[in-house]
Amino acid sequence: MKNEKGILLESGTNELEIIEFKILNNTFGINVIKVKEIIQPVPVTKIPHSHPIVEGIIQLRGEVLPVVNLAKALEMENEKSGSSDEKYIVSEFNKQKVVFHVDHVTRIHRISWDQIEKPSEMYQGSTVQIVGVIKRDDEMVLMIDFEKILLDIDPSSGINIEKVKKLGRRERSGKKIIVAEDSPLLRKLLHDTLAEAGYVNVEFFENGKDAYAYLEEAGDSAAVNVNLVITDLEMPQMDGHHLTKKIKSNPQLSKIPVLIFSSLITDDLRHKGDMVGADGQVSKPEIAELVLKIDQFIN
């Protein structure tokens with residue numbers, strides 16, 4: 001996996017590599033930069049009274065990692081898939097390592113974020129963990145909201161408004177913040193926690209493309225009236241690195257501080273945000289750290 005993950009060296013190209021895998025007859029995708037390695041299944045130690053979708057734990061190079069049955073998480077469980085090529089996808093995001101049990105890993109390929117469409121609300125139920133759809137000639141690839149799956153297993157791992165309350169009240173109602181975040185759940189949590197921190201003048205966009213269109217149309221007025229931009233990284237249409245790069249390359253907008261708030265902020269990947277000019281990078285779910293970083297740039 002390490003050699004494959006080194007293919008995309010430049011940051012801000014609005015491209016990603018995805019690993020496609022199968023559950024039953026459906027094709028799903030996961031961003032390569034979330035994946036540490038892919039291994040053969042190994043014996044699992046079951047944990048009494050664990051979450052229904054957690055198969056148990058394994059030991060991998062001295063680390064104890066939970067194994068999540070992805071078929072159960074997506075409510076696609078079958079007694080037996082029939083696959084003789086089941087795999088464990090070892091992933092890391094949100095400062096956590098998790099193993100996802102899938103039927104079969106098929107391929108790795110590169111696509112642009114603008115090829116990923118937002119799921120329609122017509123077929124996207126409130127509990128479905130799908131954040132994007134990639135149309136192929138003979139099939140569709142569904143991008144999974146892995147962060148939501150982990151949050152369902154352990155709600156305490158999400159954004160915690162209590163941490164913000166400990167920072168104390170401050171008057172920030174005159175400061176305008178733009179947020180690009182594709183997850184409805186995260187938009188709601190960010191709205192509530194930023195409001196608790198005193199930042200009530202916040203405008204949300206579902207992806208980087210819409211956020212940039214707003215800023216570009218506002219032009220000079222955006223440079224004056226927008227105090228800060230917060231962006232996720234993984235978003236359909238335009239990712240956060242590309243959004244940051246476009247803002248910092250636009251003479252009218254370049255002085256607006258941009259903070260990346262993502263589950264993919266790690267020591268190995270932080271350089272990508274630096275390359276596109278991000279003013280700060282905070283790993284989800286460290287909301288208190290994000291608020292302190294906002295305070296640093298908004299006086």
Side-chain angles (χ1 to χ4, degrees), residues 12-16 18 28-31 33-34 93-94 111-135 140-152 158-159 176-195 199-218 222 225-247 250 253 256-265 273 276 278 281-282 284-285 287 290 294:
T13 62
N14 207 39
E15 292 179 307
L16 76 156
I18 64 169
F28 298 92
I30 180 171
N31 194 334
I33 62 177
K34 276 191 167 86
F93 55 93
N94 268 17
I111 62 170
S112 173
W113 280 103
D114 61 19
Q115 294 175 255
I116 303 179
E117 298 182 9
K118 176 191 172 187
S120 167
E121 294 182 3
M122 183 76 72
Y123 57 81
Q124 170 82 335
S126 60
T127 61
V128 178
Q129 294 97 346
I130 303 301
V131 292
V133 178
I134 305 166
K135 293 187 290 188
M140 288 185 289
V141 181
L142 306 179
M143 299 296 290
I144 296 174
D145 188 347
F146 290 94
E147 286 84 353
K148 185 177 187 303
I149 292 174
L150 293 195
L151 192 60
D152 290 342
I159 289 175
K176 182 163 186 176
I177 296 175
I178 299 298
V179 177
E181 168 61 64
D182 65 318
S183 167
L185 174 64
L186 264 296
R187 288 199 298 272
K188 175 66 166 59
L189 289 171
L190 279 170
H191 173 274
D192 293 347
T193 51
L194 290 175
Y199 294 106
V200 295
N201 189 6
V202 182
E203 190 155 357
F204 288 87
F205 296 89
E206 294 181 352
N207 57 65
K209 183 178 180 180
D210 292 346
Y212 186 73
Y214 170 86
L215 292 168
E216 189 176 39
E217 184 177 352
N225 298 321
V226 175
N227 297 100
L228 186 129
V229 173
I230 300 170
T231 181
D232 187 19
L233 286 183
E234 295 183 289
M235 297 179 289
Q237 301 300 307
M238 184 187 292
D239 74 348
H241 282 142
H242 195 57
L243 170 62
T244 304
K245 185 176 182 178
K246 288 180 75 69
I247 291 173
N250 186 321
L253 307 173
I256 299 175
V258 179
L259 301 181
I260 296 176
F261 185 52
S262 167
S263 64
L264 299 178
I265 304 301
V276 293
Q281 301 178 72
V282 179
K284 291 177 180 175
I287 188 65
L290 176 66
I294 297 170

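For the single chain, residues carry numbers from 1 onward in sequence order. These numbers come from a predicted model, not from an experiment.
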Short side-chain to backbone donor-acceptor contact, S112 and N14, under 3.5 Å: yes
Taken to the nearest 0.5 Å, the spacing of L253 CG from I178 CD1 works out to 11.0 Å
Would you indicate whether the side-chain heavy atoms of I247 and N250 approach each other to under 4.5 Å? no
To the nearest 0.5 Å, what is the distance between OG on S262 and NE2 on H241? 7.5 Å
Test item: I130 and F28 side chains (from C-beta on) under 4.5 Å apart, heavy atoms: yes
Rounded to the nearest 0.5 Å, how far apart are CD1 of I294 and CG of L228? 6.0 Å
Counting C-beta onward and ignoring hydrogens, is there a side-chain heavy-atom pair between I116 and V141 closer than 4.5 Å? no
Drop me the distance from M238's CE to F205's CZ, to the nearest 0.5 angstrom. 12.5 Å
Between P236 and N207 the two heavy atoms that sit nearest each other are O-CB, 3.1 Å
Quick check on side-chain contact (heavy atoms from CB on, under 4.5 Å): which of L233, D232, I230 does F261 satisfy it with? I230
Answer whether the closest heavy-atom distance between the side chains of K209 and D114 falls below 4.5 Å. no
side-chain contact (heavy atoms from CB on, under 4.5 Å) evaluation trace for F204 with H191: CA-CA 9 Å; F204 288 87; H191 173 274; 3.8 Å; yes
Show your working on side-chain contact (heavy atoms from CB on, under 4.5 Å) between V179 and R187 and close with a plain yes or no. CA-CA 8 Å; V179 177; R187 288 199 298 272; 5.9 Å; no
Does V131 reach the side chain of E234, with side-chain heavy atoms less than 4.5 Å apart? no
Taking the side chain from N227 and the backbone from I177, do they hold a donor-acceptor pair closer than 3.5 Å? no
Roughly how far, to the nearest 0.5 Å, is the CE atom of M140 from the CD1 atom of I134? 11.5 Å
Heavy-atom pair with the smallest gap, counting every atom of A278 and I260: CB-CD1, 3.7 Å
List the steps and the verdict of side-chain contact (heavy atoms from CB on, under 4.5 Å) for V282 and L259. CA-CA 7 Å; V282 179; L259 301 181; 5.9 Å; no
Using 4.0 Å as the upper bound for N to carboxylate O, is an ion pair formed by E206 and K118? yes
What distance separates N31 CG from S263 OG, expressed to the nearest 0.5 Å? 9.0 Å
Given side-chain contact (heavy atoms from CB on, under 4.5 Å), test M143 with I18 step by step and report yes or no. CA-CA 9 Å; M143 299 296 290; I18 64 169; 3.9 Å; yes
Can you find a heavy atom in the side chain of D145 that is under 4.5 Å from one in the side chain of L185? no
Within the distance-only criterion (no hydrogens, no angle test), does the side chain of D239 pair as donor or acceptor with the backbone N or O of H242 below 3.5 angstrom? yes
Search all heavy atoms of Y214 against all heavy atoms of E203 and return the closest pair with its distance. OH-OE1, 3.7 Å
